[in-house]
Student: 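This structure is in C-alpha cells; I'll ask about it shortly.
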There are 2 protein chains.
Amino acid sequence: MALKEIKTTEQKITDAARKVFIEKGFDGARMQHIANEAGINKALLHYYFRSKEKLFDAIFYDIFRQFMPKVGIIMSADVPIFDKIRVFVSHYVDMLLNNPFLPAFVLHELSRRPEKILNVIKDTGVNPEVLNNFLKNEAEKGHIVYIEAAHLMVNIIGMCVFPFVGRPIVQGFILGGSSEKYGQFLNERKEKITEFVINALKK
Amino acid sequence: MALKEIKTTEQKITDAARKVFIEKGFDGARMQHIANEAGINKALLHYYFRSKEKLFDAIFYDIFRQFMPKVGIIMSADVPIFDKIRVFVSHYVDMLLNNPFLPAFVLHELSRRPEKILNVIKDTGVNPEVLNNFLKNEAEKGHIVYIEAAHLMVNIIGMCVFPFVGRPIVQGFILGGSSEKYGQFLNERKEKITEFVINALKK
DNA sequence: GTCTATATCGGGATAGAC
DNA sequence: GTCTATCCCGATATAGAC
C-alpha cells in the first residue's frame, strides 16, 4: 500500500469486509461491525452492495484466489523437481504466515456453501495433468519414485495448511500451550516440510 | 445403535444438536432446526439446556475428542515404527470417512473461539514427549532418519485431514469436479499417506 | 454519496397452561 | 416434562432528508 493513497469508499468497504468476514465468518459477521471498521454507516454498505451476501461474494473470489496455490506457475519453471518443491513450499508458507486466518475462513465457507465454488472456478485452474506428466517423466528418468500429482499436491498443501487452520490444536496440545513455541514451530515448517517431501520422493 | 433402543429426550436433543451444529456451525445453526430434527419444540431445548451456548458446549467436548487422534494409545503399542504409522493412519482415516464433516466443524469452531479449547483440555492429552523419545531412539538405532514428533504428527494429520476439510477444492480443482473420482481418491489415501510417510522416514 | 431514522423479521429465550 | 404463545432484542434492509 502506498503511503499517501486515498481510498475510495468502495475500497474502504471491501477492506473492512475482508477483515471482518475472515475474522468472524459469514454467519458471525455483522454489517454494523463492517461499517464501523470502514468508518462509515450501515446504510452506505447497502448503497454500494445491495446485500450482505453480495458484499461477501464481492470479496470472496479474491480471497479464494489468494488461498489457491499457484501450482501451475511454479511447476512450469524450468528447474529440477526438488527446487520446484522448495520454491512452492516457501512461497505458500510465506503467504500463510502473512494471512494466518485465511485458510480457516476459506475452508469453512466452502464447506458450508460448496456451490460458491462455482462462482470462483475461473482462471484459478490448477491443471494437475501438466504436473502429472512431469512427475511421470522424472520417475522414468529415475530421479524420484512415482507419485500421482493429486496425492502429492494434497500432501504438501495439507502439511502447509494444517498448522494454521489447526492452530489451537497444534499450539494447545502438541506444543503444550506456549505461543512462543508455536511461533518457533511455524518458522521451522518451511524447511521441515521441504525436507520431508524430498525424502519421500527420493529413491 | 441397538434396534429397539428408546432414546431419552436428552439424547434426542444432543443427537440432533450434534448433527445440526456440525452441518451449519454454531452461528449458522438454528434452535428451531435442532428442535425439528429432534422431533420436539424449541421450549424444550431451553428446558434441558439453558441456552444455545450451553447446548453447544454439551456436545462439543465429545466431538472434539473424536477428532483428536489417539496418538498415545497407538504409539505405546509394542510394534515397529512403520507398523505404528500404518495403524494410526488407517484408524484415523477410517474415522474421517465415517465423519467427513467433522474436521471442518471442529477446526472452524476452535478458530473462532480458541478459549473453548480450555474447556476441552482434559484427558485428551497427546503427550508428544513419549513419541519424541521413541523417535530419537529409533533414529539412533538407524531405523529411521530423525524427525521431531511435533512435525511428524502435524505432517500426518494434515495429510489425513485436508482431503475432508478441503473437499470442494480437492474435488473441484484437483480432480476436475467428479464426485466419483473424489471417492476413489479418498479410498487411496490410507495407502498413499502411509507409503509417503514411511518413505520420508527411511534412510 | 452519505447520513439518521425506521421498517421488518428472525431467532433466542421465557411465561404459563396442561 | 412437554406444549403454545409471546416477549424482545439484534440484525438486515429501506426510506427519505441533506
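Each chain gets a letter, A, B and so on, in the order the sequences are listed, and its residues count up from 1. Please read these numbers as outputs of a predicted model, since none were measured by experiment. What's counted below: heavy atoms across the whole structure, side chains too, no hydrogens, waters or symmetry copies.
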Student: Looking only at the side chains, is there a donor atom on one of A:Gln184 and A:Glu180 sitting less than 3.5 Å from an acceptor on the other?
Tutor: no
Student: Salt bridge or not for A:Glu140 and A:Lys136, using N-O below 4.0 Å?
Tutor: no
Student: A:Phe64 vs A:Phe60 aromatic rings, parallel, tilted or perpendicular, using cut-offs 30° and 60°?
Tutor: tilted
Student: Tell me the stems DNA chain D sits in, counting at least three consecutive Watson-Crick or G-U wobble pairs, each under 3.5 Å on both distances.
Tutor: C:1-18 with D:1-18
Student: Mark yes or no: A:Lys84 above the aromatic ring of A:Phe134, with NZ or CZ under 6.0 Å from the six-membered ring centre and no more than 45 degrees from the axis.
Tutor: yes
Student: Report the distance from atom CD1 of A:Ile156 to atom CZ of A:Phe196, rounding to the nearest 0.5 Å.
Tutor: 11.5 Å
Student: Using a strict 4.0 Å threshold on nitrogen-to-oxygen distance, state whether A:Lys24 and B:Asp27 make a salt bridge.
Tutor: no
Student: Between B:Phe21 and B:Phe56, is the ring centre distance below 6.0 Å?
Tutor: yes
Student: Under 6.0 Å between the ring centres of A:Phe101 and A:Phe105?
Tutor: no
Student: Show the distances under 3.5 angstrom between N or O atoms of the protein and N or O atoms of nucleotides 11-14 of chain D.
Tutor:
residue	atom	partner	partner atom	Å
D:dA11	OP1	A:Arg30	NE	3.2
D:dA11	O5'	A:Arg30	NE	3.3
D:dT12	OP1	A:Met31	N	3.4
D:dT12	OP1	A:Lys52	NZ	3.4
D:dT12	OP2	A:Met31	N	3.2
D:dA13	OP2	A:His46	NE2	3.1
D:dA13	OP2	A:Lys52	N	2.8

Student: Pick base, sugar-phosphate or nothing for A:Ile40, based on heavy-atom distances below 4.0 Å to the nucleic acid.
Tutor: sugar-phosphate
Student: With heavy atoms of chain A within less than 4.0 Å as the criterion, where does contact along DNA chain C begin and end?
Tutor: C:dG1 to C:dT4
Student: Looking at B:Phe164, is B:Arg189 sitting on its ring face, NZ or CZ under 6.0 Å from the six-membered ring centre and within 45 degrees of the normal?
Tutor: no
Student: Does the side chain of A:Asn36 come under 3.5 Å of the side chain of A:Gln32 through a donor N or O and an acceptor N or O?
Tutor: yes
